[in-house]
Number of protein chains: 2
Amino acid sequence: MTAGQDFQPMFENLQRWNFVVKVYCAIVAVARCGGLMGVRLQDVAELAGVSMKTVSNVVRDYEHVSPTTRERVQKAIAELGYRPNMMGRRLATGRTGLLALAFSNVTVPYFAELSRAVSAAAGALGYRVLLEETDGTLAGERAVIASSEAGMVDGILFQPSMMSSVEISRHRGDLPIVILGEGAAPLPVDRVMIDNVLAARAVTEHLLALGRRRIGFAGHEAGQLSATSIQRMMGYQQALEEHGIRPEPRLLFPSAEISPSGAVQGVGAMLDAGVKVDGLVCRDDLAAIGALRALQERGVRVPDDVAVTGWDNIELSRVTFPNLTTIAPDLDGLARRAVEMLVERIGGYTGDGRHELVDYELLVRESAPSAAN
Amino acid sequence: MTAGQDFQPMFENLQRWNFVVKVYCAIVAVARCGGLMGVRLQDVAELAGVSMKTVSNVVRDYEHVSPTTRERVQKAIAELGYRPNMMGRRLATGRTGLLALAFSNVTVPYFAELSRAVSAAAGALGYRVLLEETDGTLAGERAVIASSEAGMVDGILFQPSMMSSVEISRHRGDLPIVILGEGAAPLPVDRVMIDNVLAARAVTEHLLALGRRRIGFAGHEAGQLSATSIQRMMGYQQALEEHGIRPEPRLLFPSAEISPSGAVQGVGAMLDAGVKVDGLVCRDDLAAIGALRALQERGVRVPDDVAVTGWDNIELSRVTFPNLTTIAPDLDGLARRAVEMLVERIGGYTGDGRHELVDYELLVRESAPSAAN
DNA sequence: GTGAAAGCGCTAACAA
DNA sequence: TTGTTAGCGCTTTCAC
């Protein structure tokens, strides 16, 4: 008997012993909690008496596996309670099946609703979504980009608020990225948004059609304006000018902080300062909700005295009293298109940056009813 | 010259060539976008002229590396723009650094705020959070548990709404889990919540102290009650009974759908049916916001005619008009404790299930002001 | 203090 | 149709 012949059986025994232990553990585990720890592809292969490749084929629903083999493997899988380990799979394939969705803060209802739309769209294409909050800070945005580059995700949907397009374009070349919204976006990078200028014009024109002439704009940043605020204010201004009304700086109601409370204070302060308006275009629904409170606290009636509009069509905009006339972006369309483009990039598409617009709708509700009312 | 001697230089040349290509790519990449594709530990090791082990030590801040070596390695890392690949690391260590946070729906403000608190608490312990939405369905909850078991996360924070505690306890034994909230929780599993019965009593007693006697409960499920609704209704009932008031089934205002609009309809329908109340304990802030609208639509004044209370202290509860008296759970404390316990479990702790309570506070605001007002 | 090599669990050429 | 084997990028004994 040579050393080789001696070693082989010993090795087999080792394997078998390992297997026996695993099965024992399985029984204990099943008895304990119905599951099983650390079952590997190999364990299944051994129990089924086939190779790992075959098990892998069965697991991934590869076609060319004989029915009998497949059945045997599936029996082994069930018996052992095997579940594929994503980490191993991802390391081998280089894909994680995860998309990062980065924006400032999930507690902003628009982003929460966006994330649902994105999750749904991603799910339809076999991806899951890792939410990343940037807190709207440059540091936060850099951290998110950096960590996304660590291979945990296959691509990133990014709604920037601080980062410049130059810096965005400096990201690592192998991380596919799609920009959401009207923030900075380098030309070579894909982006999806709605036409903010046009929508802001539409909403302002709606107030003009109601006969309002002293129309304010509320809820934008008190300091450096965001791209979002700029575009919406541009549309507001255009609509006024087209109707021969000169935009007045006094009719701008900035918020010290972009939040509903910020709008309560910002709008409140201007009203207390004696500024008179009969219409208010708010930067977003949250600002509009704050404006509603600021007006109502002071006994101003909405829409009779002041008609108010929001933006985003968040769920609560239907429930305020009065509920909000608002711009309703096609969130599902936006999410679907963004995910599609990202998945194309992940798939290797290297064409030029595509900058696409999606639809929106002006939803007329109580806070600024239609002229017919 | 032997074959061996011949092969060695060739191999070295191959390595060097590979290296030259990488550096070239690096230059191109840096020129193009400041980053670099696919730099591996090995590439850094080669450039620095050390072994992978040493680079790994430097990357992970291992102490025992000589300063000169460390510096050389760091230079190579910077030069190549190396970033460790999480997948590889995780496969090797068996840890992903990811915690799943599973609940029905991020668009529910309470959950959005919870997720921020959890992200913060997890970040402090070196973990990141993967948000998982179950849509409040049994199928959704099962899918989340199943996918969490696929090795993508190290543990899961789960706020169940449908799954029974028996089924929860059947999950795979190697997936640490902590239950959030008052839903089903098997005894052996850790859980963190606030005392819903006590808090509901506190909020009801607040209304009683205001002299309200016809106090309703609003916003619970029209059909099968959730654990949350049950506990809050129990506290409501206890407070009434302690004050010698018999709870009246007519004063229950269920919602066909747990949403603000659902509450608008539910409360509205009861009011239209002629039910009279002077106080309304709402299951949550969203229901309270809906109730507010239902009341205001009908000209009922809040709090003068009907005092209203919410639950959760969501951001918008400060901005409604009137703003909401509400139960403010210590979200940060809850998140911190839940993450701590989960991380302990991940670390191998196997003690009995711990069921812990965290603080809450009754926030008195306009919708049900203090008696002194 | 540093290096060599054996995995982690899976996939995918290439063989058979 | 199925098996063999060489990685994926990293960590980690165990030597040196």
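Letters go in sequence order (proteins before strands), and every chain restarts at 1.
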Checklist entry - In whole Å, what is the span from the CG atom of A/L41 to the C1' atom of D/dG7? => result 15 Å

Item to check | B/V50 side chain, from C-beta outward: closest of C/dA12, D/dT11, C/dG3 | outcome: C/dG3

Checklist entry - When you measure from the side chain of A/R40, which nucleotide among D/dT2, C/dC8, C/dG3 comes out closest? => result C/dC8

Item to check | Residues A/T134, A/M163; criterion side chain to side chain contact (heavy atoms under 4.5 Å, CB included); working and verdict | outcome: CA-CA 11 Å; A/T134 64; A/M163 215 175 245; over 6 Å; no

Checklist entry - With a non-hydrogen cut-off below 4.0 angstrom, is A/V59 in contact with a base, only sugar-phosphate, or nothing? => result nothing

Checklist entry - Strictly by modelled atom types, are B/R60 and B/S56 linked by a side-chain donor-acceptor pair under 3.5 Å? => result yes

Checklist entry - Does A/T69 have a side-chain nitrogen or oxygen under 4.0 Å from the phosphate oxygens OP1 or OP2 of D/dT2? => result yes

Checklist entry - Looking at the side chain of A/H64, which of C/dG3, D/dT1, D/dC8 is the nearest nucleotide? => result D/dT1

Next on the checklist: Let's see if you can work this out: which of C/dG3, C/dC10, D/dT1 has an atom nearest to the side-chain heavy atoms of A/S66?
Outcome noted: D/dT1

Next on the checklist: Any side-chain N or O of B/S56 below 4.0 angstrom from OP1/OP2 of D/dC10?
Outcome noted: no

Next on the checklist: Can you measure A/N57 atom CG to D/dT1 atom P for me and round it to whole angstrom units?
Outcome noted: 10 Å

Item to check | Earlier contact from the 5' end, DNA chain C, for B/K53 and A/K53 | outcome: B/K53

Next on the checklist: Whole angstroms only, please: what is the CZ-P distance between B/R90 and D/dT11?
Outcome noted: 9 Å

Checklist entry - Within the structure shown, what part of the strands sits under 4.0 Å from B/M86 by heavy-atom distance: base, sugar-phosphate, or nothing? => result nothing

Item to check | Selected nucleotide, minimal atom distance to B/S51 side chain, candidates C/dC8, C/dG3, C/dA12 | outcome: C/dG3

Checklist entry - Roughly, in whole Å, what's the span from CG in A/N85 to C1' in C/dG7? => result 14 Å

Checklist entry - Taking the side chain of B/R89 as its heavy atoms from C-beta onward, which of C/dT11, D/dT11, C/dT2 lies nearest to it? => result D/dT11

Checklist outcome for this item: B/Q42 CD to D/dG9 P, in whole Å, measures 10 Å

Checklist entry - What nucleotide among C/dC10, D/dG9, C/dA13 has an atom nearest to a side-chain atom of A/P84? => result C/dC10

Item to check | Under 4.0 angstrom between B/T54 side-chain N/O and C/dG3 OP1 or OP2 | outcome: yes

Item to check | Rounded distance in Å - CE (B/M87) to C1' (D/dC10) | outcome: 13 Å

Checklist outcome for this item: Among C/dT11, D/dT11, C/dC8, the one nearest any side-chain atom of A/M52 is C/dT11

Checklist entry - Which nucleotide sits closest to the side chain of A/A92: C/dC8, C/dT11, C/dG1? => result C/dT11

Checklist entry - Taking 4.0 angstrom as the limit, do A/E340 and A/R337 come out as a salt bridge? => result yes

Checklist entry - Any salt bridge between A/R345 and A/D154, counting N to O under 4.0 Å? => result no

Item to check | Atom-to-atom span, OH of A/Y62 to P of D/dG3 - whole angstrom | outcome: 14 Å

Checklist outcome for this item: note: B/R72, atom CZ; C/dG1, atom P; distance rounded to Å ~ 15 Å

Checklist entry - Within the side chain of A/D135, is there an N or O that forms a donor-acceptor pair under 3.5 Å with the backbone of A/T137? => result no

Next on the checklist: Within the 4.5 Å heavy-atom criterion, are A/E167 and A/L138 side-chain neighbours or not?
Outcome noted: yes

